[in-house]
Visitor: 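My questions all concern the structure below.
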Amino acid sequence: MKFPQIRELLTGKQAGKKIVLRGWVARKRSSKKIAFLTIRDSTGRIQVSIVRENNEENYNIADKVGYESAVIIEGLLSEDARAPGGFEIKASKIEIIGPSENFPISKDQSQEFLLDVRHLALRSERLTAMLKINSSVFEALHVYFREEGYTEVQPPMFTTAGSEGGSTLFELKYFDKLVYLSQSWQLYAENFIYALEKAYTIAPSFRAEKSKTARHVTEYWHAEVEATWMDFEGLLELMENVISAICKNVAKKNAHELKVLNRDPKELLKIKPPFPRITYAEALDLLKKQEIDIPYGADLGGREERAIGKLFDKPVIVTRYPREIMAFYKKVDPENPKVCLNANLLAPDVGEIIDGSERESDMQKILESLEHEGLDPKDYDFYLDTRRYGSVPHSGFGMGVARVVMWLCGFDTIKDAIAFPRTMTRVKP
RNA sequence: GCCGGCAUAGCUCAGCGGUAGAGCUCUCGGCUGUUAACCGAGUGGCCACAGGUUCAAAUCCUGUUGCCGGCGCCA
């Protein structure tokens with residue numbers, strides 16, 4: 001037997017035909033003569049009506065069925081202007097496959113409660129839409145990188161040194177040693193490219209940051225890319241092209257989901273290169289005009305990033321941050337030793353979603369920077385081999401995928417952009 | 001780590017010294033094709049925990065725990 005999905009039914013191509021639908025009860029209303037069920041599946045929602053006088057037995061099933069019960073509905077698919085979506089199933093049979101206990105999620109919900117029952121909240125239209133958009137983002141990344149000749153690799157998650165300094169590493173017992181969970185593939189990336197030239201990974205990163213902001217979680221999926229011979233200009237173009245490819249794919253694959261989230265696919269299709277590019281110094285000037293005074297040398301915070309983002313109708317790339325606040329592997333600008341050849345891509349309302357740079361290829365300068373950050377070069381010995389044996393110019397970046405999803409979905413917190421978000425205070429469900 | 005806030009029914013909240021409340025969910029009944037319908041009734045509480053003040057504490061005070069928001073840090 002063929003079971004059509006709801007999105008297919010709502011096209012109306014099978015109107016007038018008898019169909020069999022599998023789904024879950026999302027909503028229910030009844031009066032003396034007629035009962036309505038709203039049935040959902042992974043593709044949408046459709047109304048089912050059942051008239052009592054025709055079918056007392058099945059009317060009673062509909063009248064009593066609990067929210068989120070799994071059901072199989074047989075009936076006639078009919079065009080009906082009174083039904084949301086324009087079509088409804090006039091049911092002849094309702095079979096309960098999996099009855100439902102009193103479903104805890106109802107009309108009034110706090111964010112905290114929804115996170116407590118996140119495993120059930122995933123069934124909502126909103127989070128289902130997010131999961132599908134998220135999948136399209138991953139798809140776009142894989143397709144783009146592979147088409148551009150990048151090889152996908154898998155770095156280890158157990159590590160012995162951090163790439164961003166030690167304070168935000170999760171410590172972990174590893175037999176009789178202490179190790180850390182990976183916070184970036186960086187130290188491995190720069191080794192992979194000597195074999196592959198162009199490499200990428202999409203893997204979890206773990207950060208023990210005690211952050212309680214709308215855009216921080218302790219575990220997130222990190223899309224990272226690294227390539228030999230790529231200069232700074234090439235890096236900026238890569239950022240633009242990746243973001244553009246993601247927007248295009250989501251607009252193409254997720255028209256329904258974007259509509260559920262009140263987002264316009266046409267707006268996404270406008271996100272094409274070139275993006276506005278400004279330097280850190282120019283960013284400070286723009287902020288000053290908005291009466292936000294940041295001393296030179298301070299990193300841009302969430303408030304600053306959002307204020308800059310508002311000035312442009314596309315993501316904006318901010319380049320050349322002060323050297324003091326940059327990680328040791330970032331290349332210093334040969335034309336201005338005070339700044340690095342780095343770039344942050346800021347998305348409207350979200351802030352930083354990509355952090356990248358040309359990498360320092362000179363061994364001596366790397367050692368100086370390590371020392372400056374108080375890191376022990378011995379911990380980075382295998383990494384330093386990248387500079388000992390045939391060092392070449394190279395660049396790369398890391399993207400917080402959940403931040404991209406947050407931006408595309410128009411969410412005001414990253415927690416909604418991840419199926420089971422982990423924060424400082426929440427590790428379940 | 002710093003600042004601010006919250007904790008009362010399954011959920012969302014009101015009550016702020018004097019008998020524990022409402023709406024929703026759920027159960028039962030009613031009901032013109034309803035759109036998270038509507039009408040009526042019922043079930044449902046160690047008022048986070050531990051001390052203190054008071055004739056009397058959900059309410060005031062102290063501490064503890066849990067959570068939320070903002071900053072910093074970052075993707």
Side-chain angles (χ1 to χ4, degrees), chain A residues 25-38 40 45-52 62-64 66-68 78 80-86 88 90 100-117 120-121 124-125 162-165 167-168 183-186 202-224 239 298-305 321 325-327 343-347 350-356 397-407 412-415 417-418 423-426:
Chain A
V25 176
R27 209 82 71 210
K28 145 183 109 162
R29 298 166 291 279
S30 68
S31 64
K32 191 177 186 179
K33 295 183 175 171
I34 186 166
F36 300 94
L37 299 177
T38 302
R40 65 162 191 89
R45 296 176 172 223
I46 191 167
Q47 176 163 291
V48 171
S49 67
I50 181 147
V51 177
R52 189 177 199 167
D63 192 39
K64 295 282 183 289
Y67 288 123
E68 285 302 320
S78 314
D80 195 318
R82 294 169 296 187
E88 73 172 21
K90 301 198 186 301
S100 187
E101 295 175 21
N102 189 1
F103 196 66
I105 299 176
S106 62
K107 182 176 160 186
D108 293 314
Q109 312 146 350
S110 64
Q111 194 200 31
E112 187 185 344
F113 177 70
L114 288 177
L115 286 167
D116 287 341
V117 292
L120 301 174
S124 68
E125 274 189 298
S163 57
E164 314 284 341
S167 62
T168 62
Q183 56 180 194
S184 164
W185 79 326
Q186 193 60 39
I202 307 179
S205 279
F206 305 92
R207 305 246 170 134
E209 290 161 356
K210 292 183 174 171
S211 303
K212 298 207 279 184
T213 77
R215 22 176 238 297
H216 282 88
V217 282
T218 53
E219 173 187 307
Y220 66 95
W221 283 73
H222 207 171
E224 296 177 280
M239 288 183 182
D299 207 349
L300 304 180
R303 184 180 62 130
E304 291 80 52
E305 289 178 353
Y321 283 54
I325 54 173
M326 291 290 106
N344 283 359
L345 187 138
L346 312 182
V350 173
E352 183 175 348
I353 58 176
I354 293 180
D355 173 25
F397 70 72
M399 168 192 287
V401 182
R403 286 191 180 173
V404 174
V405 173
M406 173 186 170
W407 166 50
D412 56 13
T413 169
I414 195 168
K415 290 179 202 170
I418 297 175
T423 64
M424 202 167 58
T425 52
R426 184 179 291 280

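Here the structure is a predicted model, which means the values were calculated and not measured. Labels below follow one simple rule: chain letters A, B, ... track the order of the sequence lines, proteins then strands, and each chain is numbered from 1.
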Visitor: Mind checking the C1' distance from B:C60 to B:U27? Whole angstroms is fine.
Guide: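 The same atom, C1', in both gives a distance of 40 Å.
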Visitor: Rounded to whole angstrom units, what separation is found between the CE atom of A:M424 and the P atom of B:C71?
Guide: 14 Å
Visitor: Taking all non-hydrogen atoms of both residues into account, name the closest pair between A:A214 and A:D412 and its distance.
Guide: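 Between these two residues, the closest heavy atoms are CB-O, 3.4 Å.
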Visitor: Rounding to the closest angstrom, what is the interatomic distance between B:C47 and B:A20 at atom C1'?
Guide: 8 Å
Visitor: Specify the residue among A:R303 and A:V217 whose closest nucleotide of RNA chain B lies further upstream toward the 5′ end.
Guide: A:R303
Visitor: Nearest-Å distance, NE2 (A:H216) to C1' (B:G70)?
Guide: 13 Å
Visitor: Taking only the P atom of each, what is the distance from B:A75 to B:G63 in whole angstrom?
Guide: 39 Å
Visitor: Taking a pair as Watson-Crick or G-U wobble with both distances under 3.5 Å, which nucleotide is matched to B:U35?
Guide: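 B:U35 is unpaired by these criteria.
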Visitor: When you compare B:A50 with B:U65, how far apart are their C1' atoms, in angstrom units rounded to a whole number?
Guide: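 One C1' to the other, the span is 10 Å.
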Visitor: Both distances under 3.5 Å, Watson-Crick or G-U wobble: report the partner of B:G45, or none.
Guide: none
Visitor: Okay, side chain of A:E304, backbone of A:G301: is any donor-acceptor separation there less than 3.5 Å?
Guide: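 Confirmed, A:E304 side chain pairs with A:G301 backbone.
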Visitor: Over how many whole Å does the gap from A:L346 atom CG to B:C74 atom C1' extend?
Guide: 13 Å
Visitor: What does B:G51 pair with, Watson-Crick or G-U, if both distances are under 3.5 Å?
Guide: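 By the stated definition (distances under 3.5 Å), B:C61 pairs with B:G51.
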Visitor: Should B:A75 form a Watson-Crick or G-U wobble pair with both distances under 3.5 Å, which nucleotide is its partner?
Guide: none
Visitor: Can you tell me how far P in B:U64 sits from the matching atom in B:G72, rounded to whole Å?
Guide: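 Rounded to whole Å, the distance is 28 Å.
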Visitor: Assign A:E125 to base, sugar-phosphate, or nothing according to its heavy-atom contacts below 4.0 angstrom with the strands shown.
Guide: nothing
Visitor: Does any donor atom in the side chain of A:R403 or A:Y220 lie under 3.5 Å from an acceptor atom in the other side chain?
Guide: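 A:R403 vs A:Y220: no donor-acceptor pair found between side chains.
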Visitor: If you define the side chain from C-beta out and look only at heavy atoms, does anything of A:I418 sit under 4.5 Å from A:M406?
Guide: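 SC-SC contact between A:I418 and A:M406 ruled out.
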Visitor: How would nucleotides 33-48 of chain B be written as a contact map, 5' to 3', with B for base contact, S for sugar-phosphate-only contact and - for no contact, using protein heavy atoms under 4.0 Å?
Guide: BBBBB-----------
Visitor: Given the P atoms of B:A14 and B:A57, what is the spacing between them in whole Å?
Guide: 24 Å
Visitor: Rounded to whole angstrom, note down the C1' distance from B:G23 over to B:G15.
Guide: 15 Å
Visitor: Looking at side-chain heavy atoms only, is the closest gap between A:K212 and A:K210 below 4.5 Å?
Guide: no
Visitor: In whole angstrom, give me the gap between the P atoms of B:C46 and B:U35.
Guide: 35 Å
Visitor: Got a donor-acceptor pair under 3.5 Å from the side chain of A:S211 to the base of B:C74?
Guide: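 Under the 3.5 Å cut-off, the side chain and the base do not form any donor-acceptor pair.
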Visitor: If you check the A:K415 side chain, which of B:G69, B:C73, B:A75 turns out closest?
Guide: B:G69
Visitor: Has A:T213 got a side-chain N or O lying under 4.0 Å from the OP1 or OP2 atom of B:G72?
Guide: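 The answer is no; no side-chain N or O of A:T213 sits under 4.0 Å from OP1 or OP2.
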Visitor: Using modelled atom types only, decide if a donor and an acceptor are shared between the side chain of A:Q109 and the backbone of A:L114 within a distance under 3.5 Å.
Guide: no
Visitor: Rounded to the nearest Å, what distance is computed from the CE atom of residue A:M326 to the P atom of nucleotide B:C74?
Guide: 7 Å
Visitor: Write down the distance between CZ (A:F397) and C1' (B:A75), rounded to a whole number of angstrom.
Guide: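 Those two atoms, CZ and C1', are 12 Å apart.
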Visitor: In whole angstrom, what separates A:F113's CZ from B:U25's C1'?
Guide: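 The answer, rounded to whole Å, is 10 Å.
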Visitor: B:C74 P sits how many Å from A:M406 CE, rounded?
Guide: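 Distance, rounded to whole Å: 18 Å.
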Visitor: Heavy atoms, side chains only, cut-off 4.5 Å: are A:Y67 and A:I105 in contact?
Guide: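 No, their side chains stay 4.5 Å or more apart.
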Visitor: Determine which nucleotide pairs with B:G4, using a 3.5 Å limit on both distances of a Watson-Crick or G-U wobble pair.
Guide: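 Across all strands, the one nucleotide that pairs with B:G4 is B:C68.
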Visitor: With the side chain of A:R207 defined as its heavy atoms from C-beta on, choose the nearest nucleotide among B:A75, B:G72, B:C11.
Guide: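 Between B:A75, B:G72, B:C11, the one nearest the side chain of A:R207 would be B:A75.
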Visitor: Looking for any heavy atom pair under 4.0 Å, which part of the strands does A:G301 touch: base, sugar-phosphate only, or nothing?
Guide: sugar-phosphate
Visitor: Ignoring backbone atoms, establish whether A:K210 has a side-chain N or O less than 4.0 Å from OP1 or OP2 of B:G1.
Guide: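 For A:K210, the contact criterion (side-chain N or O under 4.0 Å from OP1 or OP2 of B:G1) is met.
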Visitor: Distance check needed: B:C74 C1' versus A:I354 CD1, whole Å only.
Guide: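 These atoms are roughly 15 Å apart.
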